[in-house]
Amino acid sequence: MLLRIPQALPPDELAQVRQLILQADWADGRITAGSQSSTVKKNLQLPEDLPAARQARHLVSVALARNPMFVTGALPKSVYPPLFNRYGGGADTNHFGNHIDNAVRTHAATARHVRTDISCTLFLSDPASYDGGELVVQDTYGEQRIKFEAGDLVMYPGTSVHRVEPVTRGERLACFFWIESMVRQDAQRRLLYEMDLAITALRQQALERAMREHTDAQDIESPEVVRLTGCYHNLLRMWADV
Ligand code: NI
């Protein structure tokens, strides 16, 4: 499942994150790459122990934790602390060729392992400010070319081959990280996500009807919505690994 989360980072936090990381000292992107991806990774990355990286990471983490679409789409069990990258300039720093992310990331500071069920990119640059830089994700139904508004996030299965096209004008800043989900299989997560959206919409419709008809708020839950909500939780119980 490829999922776009608009304004995952609201404008105020986006401006703060950009200011923090633009002033910091960047390093070669290969600091966190595996052996195959290090041969095709040509970008800059913010070393994760810098104070600016820590503060920016915190702003992103807080924004994501309170985003219901992020939580229901990812069902996160463990999130790798967000990292930041930068594409632009010459051929040594403007692209990242085809690769699949490492299956397990180990956080250097804590030695904690995160299985990379979901890969995430949070766009931090206005798309009009740079040319190229599309995230290209290969899927069974073809290639998806992704270049979102600043503040928007894309989630895609960690199993996908993907690349970042060369940035030929301007600069592309992004935040990237991985999620180990409570539900390991993409197809199961997708089903739960669809079901959650449908139940939420049904409840919203019932609430609006109740407000129009001045019904007591306690009487709005239909037995069908209660049963569907139960099915959602029983599927989650069957599939979740916590
Ligand atoms: Ni990658």
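In each ligand, atom 1 is the first atom listed, and ligand 1 is the first ligand listed.
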Salt bridge or not for [X] and [Y], using N-O below 4.0 Å?
| X | Y | answer |
| --- | --- | --- |
| Arg4 | Asp152 | yes |
| Glu143 | Arg163 | yes |
| Arg18 | Glu171 | no |

| request: Using a cut-off of 2.8 Å, find all protein N, O or S atoms closer to the Ni ion (ligand 1) than that distance. | output: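 For the Ni ion (ligand 1), the protein N, O and S atoms that sit under 2.8 Å away are His99 NE2, Asp101 OD1, His162 NE2.
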| task | Measure from NZ or CZ of Lys42 to the centre of the six-membered ring of Tyr87 and say whether it is under 6.0 Å with the direction within 45° of the ring axis. | result |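 Here Lys42 fails the 6.0 Å and 45° test against Tyr87.
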| query | Which ILVMFWY residues can you reach from Leu83 by hopping between side chains whose heavy atoms are under 4.5 Å apart? | reply |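 Grouped by the 4.5 Å side-chain rule, Tyr80, Val114, Phe176, Trp178 form the rest of the cluster around Leu83.
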| field | Hphob cluster co-occupancy, Leu135 + Phe96, side-chain heavy atoms under 4.5 angstrom | value |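 Both belong to a single hydrophobic cluster.
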